[in-house]
Engineer: 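Before anything else, here's the structure in question.
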Amino acid sequence: QVKSEMALANAQELINKINNNCFNLCFQNIGPSFSNNDQKCVTSCMDKYMEAWDIVSRTYVGRVQKEQQKF
Amino acid sequence: QVKSEMALANAQELINKINNNCFNLCFQNIGPSFSNNDQKCVTSCMDKYMEAWDIVSRTYVGRVQKEQQKF
Amino acid sequence: QVKSEMALANAQELINKINNNCFNLCFQNIGPSFSNNDQKCVTSCMDKYMEAWDIVSRTYVGRVQKEQQKF
Amino acid sequence: MSSPDFDQKTQEELKKFLDAENAKAQMQSTIHEFTGRCWDKCIKSATSNNNKIDSTEKACLENCVNRFVDTSMFIVKRLQNRN
Amino acid sequence: MSSPDFDQKTQEELKKFLDAENAKAQMQSTIHEFTGRCWDKCIKSATSNNNKIDSTEKACLENCVNRFVDTSMFIVKRLQNRN
Amino acid sequence: MSSPDFDQKTQEELKKFLDAENAKAQMQSTIHEFTGRCWDKCIKSATSNNNKIDSTEKACLENCVNRFVDTSMFIVKRLQNRN
């Protein structure tokens, strides 16, 4: 389900948003290389961000539709 | 006075800005409903935001005009 | 070197960014005038911001070129 | 809007074109913005042992979106009553 | 700007149209941005008992806008002296 | 993209024009964004005695940009492997 929404999403925007939201979380201290721990953190954060995006998207679209039916 | 400036203002932008600035203030803890307390806080915050917008707008426009007269 | 990149840069954008990044640093307490101390802080912050912009710009452009050579 | 040398029809088409581009971007952009804001409120960590969103985080995200929409609708209603 | 197949006049009109849209948005956008930034600096709470801005907050907002403009003008002057 | 009354060629030119404006802005905008984010991470103070970036701050800025690019490339690769 994420995939089809992803196809709709502006991919560049998604990459930017993941980067912005995960950079702060994963790089509290910035080192001279992209370490294994950095990669694990980004992987985990990226999966969570996309899951969050999916939950937010479904909740928001569902709510908008519910509100539209009131008219 | 707010009203006429409001008419000029992009209404959607105003709504977004109120929401962004008041959400953090009023929803430090997010509950399962839009409670009476939430509504009171948003009402109060919204009134303050619009008053702030009005003060900022008058101060800024006044200052710009003052600086323009120097030329 | 900064100068030529500056010429390329949208000047308004640069001014906004310096203002945004230095305002928080220099105006933790907001007083009724633009004091000498404020001016010193903004001067120093502005010099550092432009040096940072230059470092980031060279690092980023260099990295992008390095990655492009891999193809 | 003053664009004296475009004829009426071209102006309308240009506006329609920009509006359509805008609308397409708007929905995506709203979802991205909500995700970012609710992420800050609801997601505390992203460690390597934990790359699923748990049930507390999920409930928080859903509530966050709904409170955001509630607040927007509340603001719109109140602005309309004022005028 | 390379848009080889638009004629000169159309390009100028298109630019004028986009500039006008831009200028209209710019002033609003500046005021919204200042409001947001000075709000964060000056407004501490929004409780149900207190939905007016008090005199301290008002003075802070006014000073904040003026310091913002001072800083912008100072930066512009210093950039011009450099070149 | 539905803009029924523009002919095909005009639509393409309009798109090319907007893309070119976009690309010009994009590189500047990326550098400004990185500068802002890495500034927050790496630059601690701006006092009147200290208006040069020191070697620790410089290394931090360079590492910050490189980690940002690493992260972007890592995300792109992982998104492609998913599909």
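Numbered from 1 within each chain, the chains take letters A, B, ... in sequence-line order.
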Engineer: Which label fits F/Phe74 and A/Phe34: parallel for a plane angle under 30°, tilted from 30 to 60°, or perpendicular past 60°?
Structural biologist: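 If you compare the ring of F/Phe74 with that of A/Phe34, the planes turn out perpendicular.
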Engineer: What part of A/Gln28 gets closer than 4.5 Å to chain F, counting heavy atoms only: side chain, backbone, both or neither?
Structural biologist: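 The backbone, not the side chain.
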Engineer: Would you compute the distance between atom SG of F/Cys60 and atom CZ of F/Arg67 and round it to the nearest 0.5 angstrom?
Structural biologist: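 The CZ atom of F/Arg67 is 10.5 Å from SG of F/Cys60, to the nearest 0.5 Å.
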Engineer: Are A/Met50 and F/Leu79 close enough that some pair of their side-chain heavy atoms sits under 4.5 Å apart?
Structural biologist: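 With C-beta onward as the side chain, the pair touches.
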Engineer: Do A/Asn19 and A/Tyr49 come within less than 4.5 Å of each other through their side chains, counting heavy atoms only?
Structural biologist: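 The answer is no, as the side chains (C-beta and beyond) never meet within the 4.5 Å cut-off.
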Engineer: Using non-hydrogen atoms and a 4.5 Å limit, figure out which bit of F/Asp70 sits close to chain A: side chain, backbone, both or neither.
Structural biologist: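 Looking at F/Asp70, backbone and side chain both touch chain A.
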Engineer: Under a 4.5 Å heavy-atom cut-off, does chain A meet the side chain of F/Glu62, its backbone, both or neither?
Structural biologist: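 For F/Glu62, neither part sits under 4.5 Å from chain A.
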Engineer: Using a 4.5 angstrom heavy-atom cutoff, name the option from A/Asn16, A/Asn24, A/Asn20 with the most pairs to chain F.
Structural biologist: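 Among A/Asn16, A/Asn24, A/Asn20, the one with the most close pairs to chain F is A/Asn20.
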